[in-house]
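See structure below.
Every number for a ligand or one of its atoms is a count from 1 in the order of the listing. In what follows, residues are counted from 1 in the order of the sequence shown.
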Amino acid sequence: MHEFVAQDHETLKDIAAWAAARLSDPAGALPPGHHPDRRPTALPAIAGDGVGMEAAWAWVRDAVLPTAFPTDHPRYLAFVGGAPTPAAVLTDAALSAASIYGGSELEAGAVVAAERAALRWLGGVLGYPSTAHGAFVSGGSMANLSALVAARHGRSTASGRPPAIVVMAASAHASVRAAAAIMGCDVVTAGTPDGALGAGDLNRVLDAHDPAEVVAVVASAGATNTGAVDALGEIAEVCADRRIWLHVDAAYGGAAMLAPALRSAFAGIELADSITIDPHKWLFTPYECAAVLYREPARARAAHRQQADYLEAAHDGDADNPADYAVHLTRRARGLPLWASLLANGTDAYVDAVERCLDTASYAAKQIEANPVLELATEPQLSVVLFRRTGWQGDEYARWSQAARYGGLGLVTPTVFAGETVLRLCFVNPRTTGSDVDLLLASLTGEVR
Ligand SMILES: *Cc1c(COP(=O)(O)O)cnc(C)c1O
């Protein structure tokens, strides 16, 4: 007989010590860098006979994980990073050991209530009424797909077919286009990729389409590339007039609503029929934790609840089943780490952490403006800073970015803004400091670092 390796307390202790070291020093305990020297020559082969827990963990710890660039490194400023709180990470680890099926109340018990409380808090941040509800899903991509499926549910056009046009802000995330493709829908864009969408551009596009053919309008509350927030109040009015479902993608930007100074920029978001917000981006929760929220959850439930004889037991009575609000059935209770972290840290700590990221973004913008060879490409929006190094083209940006990554200096990648290659910084880590910004900028301008 071949048995699974037994629990090994020494390895468990080593994993715990490793995790504790990582959490206390994200930049140190797991050296980043994809330098060829650090890459393992080959991973061991999976074989009929196992190597044991201790040896397998050693491979993971020493050969696999160190080649990744952790998103909570203070100079991970590419894409949209994520810097989970220790409370959220520890709860996430415990959740794996707890082996909980998070799809239904029948199995998950009060775990469902805790996730509901976390969703309620998110809804409150977004200005939604307490009757709004939804589910935690793996990512913003699944949240967007789930919302669009709910928007289309039960509708048909004059021809008897379901509506098949998704109208999205040109700045909307790539996942909206992907969701439309999965659903067999065409995409029509409104506005420009570089700016915020307003009612004028949206009306021009909608005038050309029968509202019955439109699945939904998707607006951005914090475009991934630029941080731009669409004119949500105007857009909500247009959608209400035309009776079109409004989905607001706040996957990255929604967290900025915690900062009182920025709340007014989002006015109107509370009128959206559905909203995506990703706690695994700027709300300090480990992957994979995104949320889709619906202002009127009944429609989403009708769209997503799976029916089968073997599921009837879980649907009993008024069961509050997270499985019913998105494209999933079996699911990890990925909202529990957020709930435990909110409980442990208090919501004020979340406000401060978001504001610290905004302050660091402002600091970076000031340093760039003051530097003779750096220029802002546009005014910073939320915590995204786009800028150029004068005289540099695409190749120079790519070479610098790669050297910074190989050398472990930081992860910063170029993007395109208004047709020009520029550098992009996105601040979602409260541990990123002005000195981190200084280090990166100095390396760009050729000063010693
Ligand atoms: C990141 C992002 C997404 C996709 O979210 P995933 O969690 O990566 O699937 C969707 N929309 C916006 C605005 C994003 O920034």
Side-chain angles (χ1 to χ4, degrees), residues 71-72 76-84 88 92 122 126 134-149 151 166 168-183 187 189-191 193-197 216-230 232 235 246-257 262 265-266 269 272 274-293 326-328 331-332 334-335 337-338 354 357 361 381-386 411 413 415 417 424-429:
T71 60
D72 61 352
Y76 181 117
L77 300 174
F79 314 110
V80 182
D92 195 68
L122 286 173
L126 297 165
F136 288 102
V137 294
S138 60
S141 304
M142 283 302 280
N144 287 339
L145 173 63
S146 299
L148 290 174
V149 167
V166 172
M168 67 173 209
S171 69
H173 189 265
S175 59
V176 177
R177 206 174 271 283
I182 291 165
M183 295 167 69
V187 167
T189 59
D194 304 317
L197 176 65
V217 164
V218 182
S220 306
T224 314
N225 200 38
T226 63
V229 178
D230 292 340
L232 301 174
I235 291 171
L246 173 60
H247 176 66
V248 173
D249 185 352
Y252 149 67
M257 290 188 74
L262 288 184
F266 293 82
I269 192 171
S274 52
I275 305 177
T276 291
I277 182 167
D278 281 12
H280 69 198
K281 280 186 169 160
W282 198 359
L283 288 171
F284 323 110
T285 310
Y287 300 131
E288 303 158 336
C289 184
V292 57
L293 282 144
V327 185
H328 57 201
R331 62 180 290 281
R332 177 177 181 78
R334 48 174 66 85
L338 172 61
V354 165
C357 298
Q381 297 179 87
L382 305 188
S383 66
V384 176
V385 180
L386 299 174
L411 191 67
T413 51
T415 185
F417 175 77
R424 177 178 169 283
L425 305 175
C426 180
F427 295 89
V428 292
N429 184 347

Passes side-chain contact (heavy atoms from CB on, under 4.5 Å), Val327 versus Met142? Steps please.
CA-CA 7 Å; Val327 185; Met142 283 302 280; 3.7 Å; yes

Distance-only, no hydrogens or angles: does the [X] side chain make a donor-acceptor pair with backbone N or O of [Y] under 3.5 Å?
X      : Y      : value
His247 : Val218 : no
Asp194 : Phe417 : no
Arg332 : Glu288 : no

About how many Å separate CZ of Phe136 and CG of Leu293, when rounded to the nearest 0.5 Å?
7.5 Å

CG/Asp72 to CZ/Phe284 distance, rounded to the nearest 0.5 angstrom?
12.0 Å

Apply side-chain contact (heavy atoms from CB on, under 4.5 Å) to the pair Ser138 and Arg334, showing each step before the final yes or no.
CA-CA 8 Å; Ser138 60; Arg334 48 174 66 85; 3.9 Å; yes

Under 3.5 Å between any N/O of Gly140 and any N/O of ligand 1: does that happen in this structure?
yes

Sub-3.5 Å N/O-N/O distance, Asp278 and ligand 1:
yes

Residue and atom name of the nearest protein heavy atom (relative to [atom]), distance in Å to one decimal:
atom                    : result
atom 13 (C) of ligand 1 : Thr224 OG1, 3.3 Å
atom 11 (N) of ligand 1 : Asp249 OD2, 2.6 Å
atom 4 (C) of ligand 1  : His173 CE1, 3.3 Å

Can you tell me which portion of Val176 lies within the under-4.0 Å heavy-atom range of ligand 1? Options are side chain, backbone, both, or neither.
neither

Record the part of Lys281 in heavy-atom contact with ligand 1 below 4.0 Å; permitted values are side chain, backbone, both and neither.
side chain

Decide yes or no on side-chain contact (heavy atoms from CB on, under 4.5 Å) for Leu338 and Leu122, but give the supporting numbers first.
CA-CA 10 Å; Leu338 172 61; Leu122 286 173; 4.2 Å; yes

For ligand 1, which atoms have a heavy atom of [X] less than 4.0 angstrom away?
X      : answer
His280 : 7 (O)
Tyr252 : 15 (O)
Ser175 : 10 (C)
Ala251 : 2 (C), 10 (C), 11 (N), 12 (C), 13 (C), 14 (C)
Ser141 : 4 (C), 5 (O), 6 (P), 9 (O)

